[in-house]
Amino acid sequence: MEYQRFLTQGFKPFNPLELAKETEKIVTKKGEEGLERKYTNFYSVPVYRGIATGYAVGCCLRCIYCWSDWSRDFPEKFGNFYSPKQVAQNLFKAAEEGIIYSNYWRKLITKVNKLRLSGCEPTIGKEHLLAILEFVENSKYPLFILETNGIILGSDKDYVKRLAEFKDKIYVRVSFKAATQKALPKEPVQLENFINSLLKL
Amino acid sequence: MDEGIYARAAAMTDPRIMPKEEKQILIQMLNEIDPKANYTKNLEEEVIDAYDATIKRLKAFEDKEFAERLIKKFYMND
Ligand code: SF4
């Protein structure tokens with residue numbers, strides 16, 4: 001089966017859990033220090049009043065409005081592999097450094113003490129994520145935010161149980177993409193208007 | 001949540017892709033799962049932003065030739 005990239009007209013419906021497995025094969029690999037996973041970057045940003053962020057490669061959905069970078073569609077092409085320890089260290093380092101890309105925000109947010117994994121879908125690579133949380137648990141950082149589409153967690157009770165071992169420090173933000181089975185915009189012409197309306201924002 | 005994890009829902013409710021009725025269904029479902037969160041008032045709503053990748057993905061859905069060019073671009077250096 002060909003790996004699902006961005007959607008095009010007439011695409012074949014796919015099972016997100018199957019796509020999660022396919023993606024996991026690409027974005028994770030066994031390493032000497034546990035399961036490694038691909039990330040494109042680590043940095044601090046002003047959201048949540050300052051948070052160190054790891055940008056995880058690869059997702060199990062293909063939302064047409066997705067704002068994630070191209071590592072969602074071409075996970076084999078982007079990012080580098082990091083062990084759980086390296087990810088934790090990079091998050092701690094990003095927090096220590098604070099916001100470095102903007103003086104404006106750096107002045108407003110002088111201390112960053114929250115951590116998160118975001119980007120595409122950070123729950124891909126269960127053992128990797130759980131191992132990162134071990135490091136976070138033993139760190140001085142009080143809060144770890146996991147941003148997810150909820151697909152993998154919703155299908156794996158054991159995953160949720162094991163995440164709960166870190167419940168004193170984690171906050172899970174589930175972003176729902178739909179409530180019902182619905183079609184994509186039907187007419188290309190509607191999409192054209194839609195794109196134009198976006199560009200006018 | 002049953003495991004005691006602090007969790008909150010957000011949703012892509014941009015009216016350009018989610019009809020009002022669907023948003024209501026979603027809020028109702030979320031309120032049933034977690035009545036205390038009161039998603040009628042507190043749902044964190046996402047909107048579509050005009051990022052470059054977003055625009056290109058939308059265009060690729062609309063325009064097959066554009067989609068093919070985009071794929072080629074990513075494989076040009078192979
Ligand atoms: S779940 Fe998020 S990262 Fe994945 S395709 Fe949808 S918007 Fe993009």
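All values below were derived from every heavy atom in this structure, side-chain atoms included, with hydrogens, water molecules and symmetry-related copies excluded. Remember, predicted model here, so these are calculated numbers, not experimental data. Lettering follows sequence order; numbering is per chain, from 1.
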Inset, instruction - Count the heavy atoms belonging to other residues, nucleotides or ligands that lie under 6.0 Å from NZ of A:Lys85, then report whether that count exceeds 12. - result: no
Legend entry - Pairs of heavy atoms under 4.5 Å with chain B: top-ranked of A:Val160, A:Asn149, A:Asp168: A:Val160
Inset, instruction - On the 0 to 90° scale, with breaks at 30° and 60°, tag the A:Trp70-B:Phe74 ring pair as parallel, tilted or perpendicular. - result: tilted
Inset, instruction - Let me know if A:Glu76 has heavy atoms under 4.5 Å from chain B in its side chain, its backbone, both or neither. - result: side chain
Legend entry - Residue B:Tyr6 versus chain A: region with a heavy atom under 4.5 Å: both
Inset, instruction - Report yes if some heavy atom in the side chain of B:Arg57 is under 4.5 Å from a heavy atom in the side chain of A:Cys66; otherwise report no. - result: yes
Inset, instruction - Measure B:Leu30 against the heavy atoms of chain A and call it side chain, backbone, both or neither at under 4.5 Å. - result: side chain
Legend entry - Steps toward side chain to side chain contact (heavy atoms under 4.5 Å, CB included) verdict (B:Asp14, A:Tyr65): CA-CA 10 Å; B:Asp14 193 309; A:Tyr65 53 76; over 6 Å; no
Legend entry - Residue among B:Glu44, B:Glu46, B:Arg8 satisfying side-chain hydrogen bond (donor to acceptor under 3.5 Å, both in side chains) with A:Ser175: B:Glu46
Inset, instruction - Give me the ring orientation class for A:Phe74 and B:Tyr75: parallel if the planes are under 30° apart, tilted from 30 to 60°, perpendicular past 60°. - result: perpendicular
Inset, instruction - Would you indicate whether the side-chain heavy atoms of B:Phe61 and A:Ile64 approach each other to under 4.5 Å? - result: yes
Inset, instruction - Could you grab the distance from atom CD1 of B:Ile5 to atom NZ of A:Lys169, nearest 0.5 Å is fine? - result: 15.5 Å
Inset, instruction - May I ask you to check whether over 12 heavy atoms, not counting those of B:Tyr51, lie within 6.0 Å of atom OH? - result: no
Legend entry - Closest non-hydrogen atom pair between B:Ala67 and A:Thr8, with its separation: CB-CG2, 3.5 Å
Inset, instruction - For A:Arg5 and B:Ile71, indicate whether the former's side chain and the latter's backbone hold a donor-acceptor pair under 3.5 Å. - result: no
Inset, instruction - Specify the closest pair of heavy atoms between B:Ala53 and A:Ser68, including all atoms of both residues, with the distance to one decimal. - result: CB-O, 3.6 Å
Inset, instruction - Check whether any side-chain heavy atom of B:Leu26 lies under 4.5 Å from a side-chain heavy atom of A:Phe176, and answer yes or no. - result: yes
